[in-house]
Amino acid sequence: MAYWLFKSEPDAFSIEDLKAKGAAGEPWDGVRNYQARNMIRDQMRIGDGVLFYHSNCAEPGVVGLAEVASQAYPDATAFDPQAKYCDPKSDPERPRWYLVELRYVRHLRGPIPLREIKLHADGPLADMPLVRRGNRLSVMPVTPAQWDFILGLEAAQ
DNA sequence: GCCAACGTTGGC
DNA sequence: GCCAACGTTGGC
């Protein structure tokens, strides 16, 4: 089992929104980045752990846990001319973009702000793309050691 | 709102 | 295949 971090803008879709979806979960559509696509399509498995991260907001940080709730399948919003993230270069015969569904697991005891994560940018979290300047990946891998360390920060709260 | 960093596009 | 221009992301 692997671990991931998913960014989401809380104004658009927050951890509360994911919680409200309950067991049904939420198809994580709209990812239009090849690096992220490859991870989604080739590496994600049902049951993988997800750090749910709020970006582009007053206090960016990890706010909760989710899990990968489906295998990857084509992102149909790419075929939909009405959709915001429509991509004419993707079609059902040869889909270019994929998604997995996410399911809410729990909130963290308290948010772990990016500010705090960065305190460990020279230590246990050095390899997290999150702490590197200018990183824009909306989906990124998390090592078991990083996962444990983050949850350790939560336990210390 | 600003702006640095990045990925993508498209002309050549 | 290069690279400038552009649009987007996302912290601050």
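Side-chain atoms are counted along with the backbone in the values below, which use heavy atoms only and exclude waters and symmetry mates. Order of the sequence lines sets the chain letters (A, B, ...), proteins ahead of strands, with each chain counted from 1.
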| message | In whole Å, I'd like the distance from the CZ atom of A:R133 to the P atom of C:dC12. | response | 9 Å
| request: Evaluate whether atom CG of A:D42 has more than 12 neighbouring non-hydrogen atoms of other residues, nucleotides or ligands under 6.0 angstrom away. | output: yes
| query | Which of parallel (below 30°), tilted (30 to 60°) and perpendicular (above 60°) describes A:W97 and A:Y34? | reply | tilted
| request: Would you kindly give the CZ-to-P distance between A:R115 and C:dC12, to the nearest whole Å? | output: 9 Å
| task | Taking A:D75 for its side chain and A:G30 for its backbone only, find out whether a donor-acceptor pair lies under 3.5 Å. | result | yes
| said: Is it the case that over 12 heavy atoms from other parts of the model lie below 6.0 angstrom from the CD atom of A:Q35? | reply: no
| request: Would you give a per-nucleotide map of nucleotides 4-9 of chain C, 5' to 3', where B means the base has a protein non-hydrogen atom under 4.0 Å away, S means only the sugar-phosphate does, and - means neither? | output: ---BBB
| remark: Of A:K89 and A:G134, the one whose nearest nucleotide on DNA chain B sits closer to the 5' end is A:G134
| query | Taking CE from A:M128 and P from C:dG10, how many angstroms apart are they, rounded to a whole number? | reply | 14 Å
| field | Distance in angstrom units between A:L114 CG and C:dC12 C1', rounded | value | 11 Å
| A:E59 and A:H54: side-chain donor and acceptor closer than 3.5 Å? | no
| Partner of A:W28 by ring-ring contact (aromatic ring centres under 6.0 Å, His included), out of A:F52, A:Y98, A:Y73 | A:F52
| task | Would you mind reading off the distance between A:K118 atom NZ and C:dG10 atom P, rounded to a whole angstrom? | result | 13 Å
